Q: 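Dumping the structure here so I can ask a few things about it.
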Amino acid sequence: MKKIGITGQNGFVGRHLYNTLGLFPEEFERIEFKKEFFNDEHKLDEFVSKCDVIVHLAAMNRHENEQFIYETNIALAKNLVDALKRTNSKPHVLISSSTQEERDNLYGKSKREGREAIINWANENEGKVTGLIIPNVFGAFGKPFYNSFIATFCYQLTHGETPSIANDGEVKLIYVQELVDQIIKEIRSGKSTEELFINPTASKKVSEVLDLLNQFKTKYFENGEIPVINDSFEHNLFNTYRSYIDYKNHYPIKFTQHTDPRGAFVEIIRLGIGGQCSFSTTVPNITRGNHFHTRKIERFAVIKGKAQIQLRKIDSDEVLNFYLDGKDPAYVDMPIWYTHNIKNIGEEELYTIFWINEAFNPEDADTYFVEV
């Protein structure tokens with residue numbers, strides 16, 4: 001079993017990597033890291049000495065003072081190298097850098113020099129290093145106005161704001177889960193590669209991305225329709241967009257009932273894509289679910305009986321509770337990386353319709369069981 005530590009564990013990429021490694025408990029042990037360790041030699045040394053692999057992601061991306069960004073990132077790399085030397089540790093160090101290394105700015109310079117510092121340590125101490133040259137990363141839970149323009153646009157479009165484009169350039173992009181999968185591939189290989197260019201998986205103009213996000217806003221956020229999704233980029237962008245919704249106040253969403261003397265008619269879901277639709281009956285006091293998905297799009301629609309639906313982001317203690325009643329039909333969509341369940345809290349059978357965007361495949365179920 002490989003013991004893996006991540007500097008920047010609570011950052012955007014770090015959190016995704018940490019959570020994904022947790023899906024393989026028989027292969028990886030995660031060594032906890034806190035940013036305060038960089039200010040405490042003893043704790044940093046203790047962390048470093050425990051690790052077989054260190055993924056150095058800690059860095060400052062934005063600040064009003066470019067010199068401060070440069071000095072901060074250089075200091076982080078230096079502190080890590082000093083700890084490696086003090087403890088005579090020889091883990092495989094993967095350091096994240098940026099395609100901005102090529103640009104004449106202090107951020108790019110700090111990333112290049114930080115990578116070079118780790119390479120020099122490895123060459124002088126028989127260590128192993130992988131220098132990851134990474135394009136623009138986007139994905140769920142990124143920090144708006146900091147991690148990427150996509151994070152900013154998604155936040156604005158789900159919080160009543162209007163995005164604007166400062167520079168409509170072509171941007172090379174990679175989805176955070178695609179990046180994490182590549183990092184784990186390098187961890188498994190154990191090979192040293194001083195300069196490993198991570199290929200982007202999409203290249204889009206800023207205006208193209210904003211156009212797609214505006215479609216998601218109109219069709220999904222405002223009207224509950226699952227939009228047409230043409231490829232993996234659009235799927236990843238849609239899941240990214242969904243992650244910025246204020247779930248606590250957005251759900252449950254009531255259906256429109258069309259009633260006449262015969263009874264009622266309710267449209268459950270309007271789809272631009274396929275998938276699998278099913279229903280369940282649940283007897284009183286029984287709970288279903290307690291699992292999460294990393295890519296699937298899913299809707300729970302209660303049509304009869306009373307239900308409690310619970311959501312919890314897997315790295316959070318906050319539980320969101322939603323109460324639905326078939327007399328006033330409503331739905332809740334399941335966000336990625338949120339474990340969820342549904343419980344019959346009434347006295348009669350609960351009838352629930354489930355839709356998910358892909359048919360169940362036991363070989364690639366994307367279903368991980370964790371109690372809410």
Side-chain angles (χ1 to χ4, degrees), residues 11-17 59 61-62 96-103 105 107-108 132-183 197-247 250 270-273 293-297 333 335-337 357-358:
F12 170 44
V13 177
R15 180 53 62 185
H16 278 276
L17 177 58
N61 296 339
R62 296 180 190 274
S96 70
S97 188
S98 165
T99 50
Q100 290 200 43
E101 277 194 10
E102 305 165 358
R103 299 183 185 177
N105 62 46
Y107 172 73
L132 303 163
I133 315 298
I134 301 171
N136 294 278
V137 186
F138 75 99
F141 319 121
K143 186 177 179 181
F145 308 101
Y146 186 80
N147 284 128
S148 77
F149 74 93
I150 291 178
T152 303
F153 286 176
C154 288
Y155 176 84
Q156 290 175 316
L157 288 170
T158 53
H159 288 76
E161 299 178 16
T162 304
S164 61
I165 297 174
N167 177 22
D168 191 18
E170 189 92 8
V171 185
K172 297 186 187 314
L173 297 161
I174 187 168
Y175 182 54
V176 65
Q177 195 63 47
E178 294 170 330
L179 172 60
V180 163
D181 290 344
Q182 292 202 42
I183 293 173
F197 286 90
I198 302 297
N199 292 323
T201 52
S203 182
K204 301 287 181 182
K205 292 189 72 172
V206 175
S207 57
E208 288 181 89
V209 175
L210 182 55
D211 182 58
L212 282 167
L213 293 174
N214 273 315
Q215 291 179 46
F216 298 161
K217 178 179 184 289
T218 300
K219 290 186 176 180
Y220 179 72
F221 187 68
E222 295 176 354
N223 296 312
E225 178 180 342
I226 305 298
V228 173
I229 294 176
N230 295 299
D231 53 33
S232 60
F233 171 76
E234 292 185 9
H235 185 165
N236 294 333
L237 186 68
F238 181 56
N239 273 335
T240 299
Y241 175 82
R242 295 200 305 136
S243 77
Y244 290 86
I245 292 171
D246 178 5
Y247 305 122
H250 189 64
R270 185 167 293 195
L271 298 172
I273 56 176
H293 311 293
T294 67
R295 67 171 186 268
K296 288 180 175 178
I297 308 162
D333 286 354
I336 55 172
W337 291 103
N357 71 300
E358 57 184 80

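Throughout, residue positions are numbered sequentially from 1 according to the sequence presented. These numbers come from a predicted model, not from an experiment.
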Q: As a quick check of understanding, evaluate side-chain contact (heavy atoms from CB on, under 4.5 Å) for Ile174 and Gln182, giving each step before the final call.
A: CA-CA 11 Å; Ile174 187 168; Gln182 292 202 42; 3.9 Å; yes
Q: State which residues pass side-chain hydrogen bond (donor to acceptor under 3.5 Å, both in side chains) with Ser207; sequence neighbours excluded, sorted by chain then number.
A: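 Ser207 satisfies side-chain hydrogen bond (donor to acceptor under 3.5 Å, both in side chains) with Asp168 only.
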Q: Could you grab the distance from atom CG of Leu237 to atom CD1 of Ile229, nearest 0.5 Å is fine?
A: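 One gets 9.5 Å once the value is rounded to the nearest 0.5 Å.
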Q: At their closest point, which heavy atom of Ala140 faces which heavy atom of Asn239, and how far apart are they?
A: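 It is CB-O, 4.4 Å.
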Q: With sequence neighbours left out, what residues match Phe233 under ring-ring contact (aromatic ring centres under 6.0 Å, His included)?
A: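 Result, ring-ring contact (aromatic ring centres under 6.0 Å, His included) vs Phe233: Phe138.
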Q: Any side-chain heavy atom of Asn61 sitting closer than 4.5 Å to one from Asn147?
A: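 Contact flag for Asn61/Asn147 side chains = yes.
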Q: Quick one: closest heavy-atom pair of Cys154 and Leu213, and the distance?
A: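 Heavy-atom minimum between the residues: SG-CD2, 3.8 Å.
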Q: Could you list the residues that satisfy side-chain contact (heavy atoms from CB on, under 4.5 Å) with Thr158, not counting sequence neighbours?
A: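 By the side-chain contact (heavy atoms from CB on, under 4.5 Å) rule, Thr158 matches Phe221, Tyr241, Tyr244, Ile245.
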Q: Of all the heavy-atom pairs spanning Ala151 and Pro144, show the shortest one and how long it is.
A: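 Closest pair (atom of Ala151, atom of Pro144, distance): O-CB, 3.7 Å.
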Q: Atom CG of Asn214 and atom CG of Leu210: how far apart are they, to the nearest 0.5 Å?
A: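 Asn214 CG to Leu210 CG: 4.5 Å, rounded to 0.5 Å.
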Q: Working to the nearest 0.5 angstrom, can you tell me the gap between Glu234 CD and Thr240 OG1?
A: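 OG1 of Thr240 is found 12.5 Å from CD of Glu234.
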Q: Please check if the side chain of Asn357 supplies one atom and the backbone of Lys296 the other of a donor-acceptor pair under 3.5 Å.
A: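 No; judged by distance alone, with no hydrogens or angles, the pair does not exist.
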Q: Is it true that, when you exclude Tyr155 itself, more than 12 heavy atoms of the residues, nucleotides or ligands shown sit nearer than 6.0 Å to its OH?
A: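 Count not over threshold, so no.
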Q: Do any pairs count as a salt bridge (Lys or Arg N to Asp or Glu O under 4.0 Å) and have a residue in residues 207-223, sequence neighbours left out, and if so which ones?
A: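 Residue pairs passing salt bridge (Lys or Arg N to Asp or Glu O under 4.0 Å), neighbours aside: Lys217-Glu222.
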Q: His235: which residues meet the ring-ring contact (aromatic ring centres under 6.0 Å, His included) condition with it, sequence neighbours left out?
A: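 Partners of His235 under the ring-ring contact (aromatic ring centres under 6.0 Å, His included) test: none.
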Q: Under a 4.5 Å cut-off applied to non-hydrogen side-chain atoms, are Phe149 and Asn136 in contact?
A: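 Heavy-atom side-chain distance check fails, nothing below 4.5 Å.
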Q: Can you list the residues that meet the side-chain contact (heavy atoms from CB on, under 4.5 Å) rule with Thr294, with sequence neighbours excluded?
A: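 By the side-chain contact (heavy atoms from CB on, under 4.5 Å) rule, Thr294 matches Leu23, Phe292, Trp337, Asp366, Tyr368.
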Q: Considering non-hydrogen atoms only, spot the tightest contact between Gly139 and Phe12 and give its length.
A: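 Residues Gly139 and Phe12, closest heavy atoms: N-CZ, 3.5 Å.
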Q: Name all residues meeting the side-chain hydrogen bond (donor to acceptor under 3.5 Å, both in side chains) criterion together with Glu358; count only those two or more places apart in sequence or in a different chain, and write none if there are none.
A: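 Glu358: side-chain hydrogen bond (donor to acceptor under 3.5 Å, both in side chains) contacts with Arg295.
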Q: Compare all side-chain heavy atoms of Ser243 with those of Ile336 and state whether any distance is below 4.5 angstrom.
A: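 Sidechains of Ile336 and Ser243: no contact.
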Q: Check the pair Gln100, Asn105 against side chain to side chain donor-acceptor pair (under 3.5 Å), reporting the backbone distance first and the verdict last.
A: CA-CA 8 Å; Gln100 290 200 43; Asn105 62 46; 3.1 Å; yes
Q: Applying side-chain hydrogen bond (donor to acceptor under 3.5 Å, both in side chains), can you list everything that pairs with Ser96, at least two apart in sequence or on another chain?
A: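 Listed in chain order: nothing, the list is empty.
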Q: State, to 0.1 Å, how close Ser97 and Ile133 come at their nearest heavy-atom pair, and which atoms those are.
A: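 Closest pair (atom of Ser97, atom of Ile133, distance): CB-CD1, 3.9 Å.
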Q: Are the side chain of Arg62 and the backbone N or O of Tyr146 linked by a donor-acceptor pair below 3.5 Å?
A: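 Side chain of Arg62 to backbone of Tyr146, a donor-acceptor pair under 3.5 Å: yes, one is there.
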Q: Under the side-chain contact (heavy atoms from CB on, under 4.5 Å) rule, what do Val206 and Val171 come out as? Steps first, then yes or no, please.
A: CA-CA 7 Å; Val206 175; Val171 185; 3.9 Å; yes
Q: Less than 4.5 Å apart, any side-chain heavy atom of Leu179 and any of Leu132?
A: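 No, every pair of side-chain atoms sits at 4.5 Å or beyond.
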Q: What's the separation between atom CG in Asn199 and atom CD1 in Ile134, rounded to the nearest 0.5 Å?
A: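 Here the rounded value is 12.0 Å.
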Q: Can you name the residues that form a side-chain hydrogen bond (donor to acceptor under 3.5 Å, both in side chains) with Ser232, not counting sequence neighbours?
A: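 None.
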Q: Looking at every heavy atom in both Thr201 and Glu178, which two are closest together, and how far apart are they?
A: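 That closest heavy-atom pairing would be OG1-OE1, 2.6 Å.
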Q: For His16 and Phe141, indicate whether the former's side chain and the latter's backbone hold a donor-acceptor pair under 3.5 Å.
A: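 Checked: no pair found.
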Q: Carefully, step by step, assess Thr99 and Lys172 under the rule side-chain contact (heavy atoms from CB on, under 4.5 Å).
A: CA-CA 10 Å; Thr99 50; Lys172 297 186 187 314; over 6 Å; no
Q: For the rings on Tyr220 and Phe238, is their centre-to-centre separation under 6.0 Å?
A: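 Yes, ring centres under 6.0 Å apart.
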Q: Ile150 vs Leu173, test: side-chain contact (heavy atoms from CB on, under 4.5 Å). Steps then yes/no.
A: CA-CA 10 Å; Ile150 291 178; Leu173 297 161; 4.2 Å; yes
